[in-house]
Number of protein chains: 2
Amino acid sequence: MAGQSKENTRYVGDTVAHDDDTIDFEIIELLFFAYRDFTSDPDAILEKGGFGRAHHRVLHFVDREPGMTVANLLDTLKITKQSLARVLKQLIDSGYIRQVTGPEDRRQRMLYTTEEGQALARALAEPQSRRIAHALAKTGPGARETVKRFLACMKNGAGD
Amino acid sequence: MAGQSKENTRYVGDTVAHDDDTIDFEIIELLFFAYRDFTSDPDAILEKGGFGRAHHRVLHFVDREPGMTVANLLDTLKITKQSLARVLKQLIDSGYIRQVTGPEDRRQRMLYTTEEGQALARALAEPQSRRIAHALAKTGPGARETVKRFLACMKNGAGD
DNA sequence: AAAATATGTCAATAAGGCTGACATATTTTT
DNA sequence: AAAAATATGTCAGCCTTATTGACATATTTT
């Protein structure tokens, strides 16, 4: 683990603590700030429509996986049915998402974005995409593959 | 913008929409899942002590920048004084953070982690650091520099 | 006919943000 | 010295997003 930079030795009580050297505070903080600003882009747009980040997530996944059922969505978001209910209802009432009774199992509600929903999903993703493109360009050639692999490995269950 | 992968053309009404090709959904999603799981590590530890992510952030920054004032902290976290108040008070009452009246300006309260606070901050950072080390190792040599640069550029005000 | 499933909904609770208003101590300005 | 500005603390109330538990409805499976 090279290039860890200057972690300062500090005084804890009367013993010197240089434990920090084991901890990668540098990337922890970079990740925090990167993600904070990454999500701030869509937040500004969402506010106008009275929506929040919860709506963004629902809209995003429904848009990306058209025909998703409610159960699918709950599983992806890892929230409870009751938590999803209000957010989903607002998106449906606002005309961004529509439900279609499952063709095989009529208990299911397949979810689709409407044209407006797709437009909103796109508007939300656009500034994020631009931010990513800019960062990749500044980082240099090959950055995309490296970043992709890194992020994929950061996720749980990424095949160890 | 190469290697964008297979964005499907979809049917919106009766016109074909291949706009998605402009949007980097792949990295947007990788970031979402990476960060979701990255924060889940400390969340589990925090729950035991009745703390949440808000406490983690406060503890982290005070630990990293000892002697920080309340105003500094508000500026870093970008939350309001009232929002900070409850969380900070709990951390002080629990003995993880202590306040020292500013030596020059006695209105200020300089914040420091106690030994317990440092231990907790470390315990929270450790699984995150391990996750990062693992991902960097799996990504390959040179990954650290590339990822660092990428993340730094994702942040606002990173020099264009 | 009974049981299981997919979804919807009501009620109560909690964390963590927010705003506005105001109090106190201290420093700076006039 | 008096007035204004600053740093912090705190009260009260509101919003969003999450939680759990309970129950209703329609539909499919057993």
Side-chain angles (χ1 to χ4, degrees), chain A residues 32 35-36 39-40 42-62 67-94 97-112, chain B residues 32 35-36 39-40 42-62 67-94 97-112:
Chain A
F32 172 78
Y35 198 77
R36 184 192 65 180
T39 53
S40 73
D43 280 357
I45 300 171
L46 289 159
E47 230 180 346
K48 297 178 206 161
F51 292 143
R53 234 174 258 184
H55 301 85
H56 186 185
R57 288 195 291 270
V58 170
L59 186 63
H60 171 86
F61 285 109
V62 172
M68 215 176 189
T69 65
V70 172
N72 286 162
L73 192 48
L74 290 175
D75 195 56
T76 302
L77 298 176
K78 307 227 190 297
I79 59 173
T80 60
K81 187 176 46 160
Q82 297 89 328
S83 295
L84 175 60
R86 180 183 33 83
V87 172
L88 183 55
K89 194 171 189 306
Q90 287 172 333
L91 285 167
I92 292 169
D93 291 350
S94 308
I97 287 181
R98 67 197 164 83
Q99 291 178 311
V100 176
T101 297
E104 293 180 9
D105 187 334
R106 291 167 46 82
R107 291 171 303 183
Q108 292 182 335
R109 299 287 172 272
M110 322 261 286
L111 303 172
Y112 296 90
Chain B
F32 172 77
Y35 198 77
R36 185 191 66 180
T39 54
S40 73
D43 280 357
I45 299 171
L46 289 159
E47 229 180 347
K48 297 177 206 162
F51 291 144
R53 234 173 259 184
H55 302 85
H56 186 184
R57 287 196 290 269
V58 170
L59 186 65
H60 172 86
F61 285 110
V62 172
M68 213 176 191
T69 66
V70 172
N72 286 162
L73 193 49
L74 289 175
D75 195 56
T76 302
L77 298 175
K78 307 229 191 292
I79 59 174
T80 60
K81 186 176 44 159
Q82 298 89 329
S83 295
L84 175 60
R86 179 180 28 83
V87 172
L88 182 55
K89 194 170 189 306
Q90 288 172 334
L91 285 167
I92 292 168
D93 291 349
S94 308
I97 287 182
R98 67 196 162 84
Q99 291 179 310
V100 175
T101 297
E104 293 182 7
D105 188 334
R106 291 168 47 81
R107 290 171 303 183
Q108 294 182 334
R109 299 285 172 273
M110 323 261 285
L111 303 171
Y112 296 90

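Within every chain, numbering begins at 1; the chains are lettered A, B, ... in the order of the sequence lines, protein sequences first and strands thereafter.
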With both distances under 3.5 angstrom, what nucleotide forms a Watson-Crick or G-U wobble pair with [N]?
N	answer
C/dC18	D/dG13
D/dT27	C/dA4
D/dA22	C/dT9

Length of the line joining [X]:[atom1] and [N]:[atom2], which is rounded to integer Å:
X	N	atom1	atom2	result
B/Arg109	D/dA7	CZ	P	13 Å
B/Glu47	D/dT20	CD	P	10 Å
A/Gln99	D/dT27	CD	P	14 Å
A/Asp93	C/dG8	CG	C1'	13 Å
A/His55	D/dT16	NE2	C1'	9 Å
B/Lys89	C/dA15	NZ	P	15 Å
A/Leu91	D/dT16	CG	C1'	14 Å
A/Arg98	C/dT7	CZ	P	17 Å

Which listed nucleotide ([options]) is nearest to the side chain of [X]?
X	options	value
A/Ala85	C/dT9, C/dG8, C/dG16	C/dT9
B/Arg57	C/dG16, D/dG9, C/dT7	C/dG16
A/Ala71	C/dT7, C/dG17, D/dT28	C/dT7
A/Gln108	C/dT7, D/dA7, C/dC18	C/dT7

Taking only side-chain nitrogens and oxygens of [X], does any of them come within less than 4.0 Å of OP1 or OP2 of [N]?
X	N	value
B/Ser83	C/dG16	no
A/Arg86	D/dT17	yes
A/Thr80	D/dA18	no

Practice prompt. Map A/Glu104 and A/Phe51 onto DNA chain D by nearest heavy atom, then report which one ends up closer to the 5' terminus.
Written response: A/Phe51
Fill in: Given DNA chain D, 5'-ward residue of the pair B/Asn72 and A/Gly50, judged by closest heavy atom
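Closest to the 5' end, via its nearest nucleotide, is B/Asn72.
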Main-chain N/O of [Y] paired to [X] side chain as donor or acceptor, under 3.5 Å:
X	Y	result
B/Ser94	B/Leu91	no
B/Asn72	B/Thr69	yes
B/Ser83	B/Ile79	no

Discussion item. I want to check something: taking the side chain as every heavy atom from C-beta on, are B/Arg53 and B/Pro42 in contact at a cut-off of under 4.5 Å?
Written reply: no
Worksheet item: Any side-chain heavy-atom pair from A/Met68 and A/Phe61 closer than 4.5 angstrom?
Response: yes
Can you find a donor-acceptor pair, distance only, under 3.5 Å between [X] side chain and [N] base?
X	N	value
B/Gln82	D/dG9	no
A/Arg107	D/dT28	no
A/Lys81	C/dG8	yes

Worksheet item: For A/Asp43 and A/Ser40, does a side-chain donor sit closer than 3.5 Å to a side-chain acceptor?
Response: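 Checked: A/Asp43/A/Ser40 side chains show no N/O donor-acceptor pair below 3.5 Å.
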